[in-house]
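Just below is one structure, and these are the notes that go with it.
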Amino acid sequence: MKSEKAEPARIVVLVSGSGSNMQVIAEACAKNEIDGDITAVISNRPDVMGLQRAKELGIATDVVDHTQFPTREEFDANLIRAIDEHTPDLIVLAGFMRILTSDFVRRYKGKMLNIHPSLLPKYKGLNTHQRALDAGDKEAGVTVHFVSEDLDGGANIIQAIVPVLDDDDEGTLRSRVQTQEHVIYPIAVKWFVEGRISLNKGDAYFDGQPLPDTGLKLTQ
Ligand code: GRF
């Protein structure tokens, strides 16, 4: 019997801002480096560059404006409706700046990824680059991880490490880190759609083997 090739994975990307990570993932899909399609880009803010980029790439967009909902629960319920319309295999948070309810996170457990601009578990939350500079760190970086109910606390998949230079300021460090974001996020998405990474009892696995706490490491 002729075997049918599986359909490309359906990916929904959530953004709140510039959408540069969404764009590199979309480009990797277009080049068939990732066997997937971004079926929608959803933003919680109506006027962001991420939506503009998606439109230019011919990707469907939607806005679920958090200011229109009195509670986090109502916002999340509406966001779930908007996401599930696209029956995604994977949800990618790419600069999505909302804290999500436990119900939301549980619903997409094992199929929702986030990128965070630090070497997690260091510097969860905001202002990661300035905090690395203030601490005198010699290395900084970025992590792609599964999303769990702990903010920036789910199992790590891959990290890229960059040097911190003596004359760095927040801007120069951010830009060095962001170059690496654009390398590792498409890699992690590719692995996910190929079924190479998975989450089991809170731990990340690669090709069936448990990953170290850092995730895989890419050093510049
Ligand atoms: C990135 O720095 C990412 O690490 C953080 O938010 C930023 C998103 O950038 N979570 P962009 O919207 O993808 O350009």
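Counting starts at 1 for both ligands and their atoms, in listed order. The shown structure was predicted, so the numbers you read here are calculated from the model rather than taken from an experiment.
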Query raised in the report: What are the atoms of ligand 1, with element, lying closer than 4.0 Å to any heavy atom of Gln178?
Result: 1 (C), 2 (O), 9 (O), 14 (O)

Requested in this report: Flag yes if more than 12 heavy atoms outside Asp203 fall under 6.0 Å of its CG atom; otherwise flag no.
Outcome: yes

Query raised in the report: If you count the non-hydrogen atoms of other residues, nucleotides and ligands that lie under 6.0 Å from CG in Asp134, is the total more than 12?
Result: yes

**Report entry** Asp89 with Arg10: basic N within carboxylate O range, under 4.0 Å
**Finding:** no

Query - Residues Lys122, Asp137: salt bridge by 4.0 Å N-O rule - result: yes

Report task. Record the part of Met97 in heavy-atom contact with ligand 1 below 4.0 Å; permitted values are side chain, backbone, both and neither. Result -> neither

Report task. Please work out whether any backbone atom (N, CA, C, O) or any side-chain heavy atom from C-beta onward of Glu181 is under 4.0 Å from ligand 1, and answer side chain, backbone, both or neither. Result -> side chain

Query raised in the report: Given side chains that start at C-beta, do those of Leu100 and Asp76 come closer than 4.5 Å, heavy atoms only?
Result: yes

Requested in this report: Give the ring-plane orientation class for Phe69 versus Phe75, where under 30° counts as parallel, over 60° as perpendicular and anything between as tilted.
Outcome: tilted

Output yes when the distance from some N or O of ligand 1 to some N or O of [X] is under 3.5 Å, and no in every other case.
{"X": "Ile115", "result": "yes"}
{"X": "Ser18", "result": "yes"}
{"X": "Gly19", "result": "yes"}
{"X": "Ser20", "result": "yes"}

Query raised in the report: Got the closest protein heavy atom to atom 7 (C) of ligand 1, with its distance?
Result: Gly95 CA, 4.1 Å

